[in-house]
Amino acid sequence: MQDFFLNHLALSVLDVEQSVAFYTTVFGFKEIKNTASNSKTRWLQLDGKIQLHLIYRPKFELKTIKADHFALSTTNLKGFVKHLDRLGIMYSDWIDSENKDYIRKDGVFQIYFQDPNQHWIEVNNAV
C-alpha cells in the first residue's frame, strides 16, 4: 500500500480578496505564491506543507451542510474562541446552538462556523 499525505484543500470563492482576508485574519495563514497558474487563484500556507487554494468562481453557488466541512485542531481552543468573539464571528456547536462549544463522546471540544462563502469549518482541540 502506498503512503498518502494531504497536500492542499481547495475552495471555490466568489471574492478572493475577502476570502484571503478572512483566512489570514482568523487563522493567521500566510499567503504564498501560486506556482501553478496566472489565474486569480490564491494560495495560503496552513502548516508545514499543507496549503489552502482559494479558487475564484464568479458564478459559484454553494449549497452547504455542516456535515461537509474541514477541521483544524489547536492546542488553545478557548483562546481561539476569544479571538472569534473579538472578530464578531458567530460559531455554534453541532446542533447549531449559537456561541456554544460541543464535547464529543471522546472528550474533544469542537466549534463550527462559516467562512464568507458559507464553507463550514470545525475547530477542535484534538491535538
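Note that this is a predicted model, so its numbers are computed, not measured.
With sequence neighbours left out, Asp96 forms a salt bridge (charged side-chain N to carboxylate O under 4.0 Å, His left out) with Lys66. Scored by the salt bridge (charged side-chain N to carboxylate O under 4.0 Å, His left out) test, Lys33 finds no partners at all (sequence neighbours excluded). For Ser39, the side chain to side chain contact (heavy atoms under 4.5 Å, CB included) criterion is met by Asn34, Ser37, Thr41, not counting sequence neighbours. In this structure Thr64 satisfies the side chain to side chain contact (heavy atoms under 4.5 Å, CB included) test together with Leu62, Gln114, Gln118, Trp120, sequence neighbours excluded. In this structure, the side-chain hydrogen bond (donor to acceptor under 3.5 Å, both in side chains) partners of Ser97, at least two apart in sequence or on a different chain, are Asp93. In this structure, the ring-ring contact (aromatic ring centres under 6.0 Å, His included) partners of Tyr112, at least two apart in sequence or on a different chain, are His69, Trp94. Listed by chain and number, the residues in a salt bridge (charged side-chain N to carboxylate O under 4.0 Å, His left out) with Lys78 amount to none (sequence neighbours excluded). Remark: Glu98 pairs with no residue by the salt bridge (charged side-chain N to carboxylate O under 4.0 Å, His left out) rule, at least two apart or across chains. Partners of Asp106 by side-chain hydrogen bond (donor to acceptor under 3.5 Å, both in side chains), not counting sequence neighbours, listed by chain and number: Arg104.
Within 6.0 Å of CD1 in Ile95 there are 12 or fewer heavy atoms belonging to other residues, nucleotides or ligands.
The salt bridge (Lys or Arg N to Asp or Glu O under 4.0 Å) pairs that include a residue from residues 6-15 number zero, where partners must be two or more places apart or lie in different chains. Listed by first then second residue, pairs satisfying salt bridge (Lys or Arg N to Asp or Glu O under 4.0 Å) with a partner in residues 19-29 number zero, not counting sequence neighbours. Listed by first and then second residue, the side chain to side chain donor-acceptor pair (under 3.5 Å) pairs involving residues 23-32 are Tyr23-Asp115, Glu31-Arg42 (not counting sequence neighbours).
No donor-acceptor distance shorter than 3.5 angstrom exists from the side chain of Asn125 to the backbone of Leu77, with no hydrogens or angles considered. With hydrogens and angles disregarded, a donor-acceptor distance shorter than 3.5 Å links the side chain of Gln45 to the backbone of Ile50.
Heavy atoms only, all atoms of each residue included: Phe22 and Ile121 are closest at CE2-CD1, 4.0 Å. Closest non-hydrogen pair, Ala126 versus Ser73, comes out as O-OG, 3.5 Å.
At a threshold of 4.5 Å between side-chain heavy atoms, the hydrophobic network of Ile, Leu, Val, Met, Phe, Trp and Tyr places Leu84 and Tyr102 in two separate groups.
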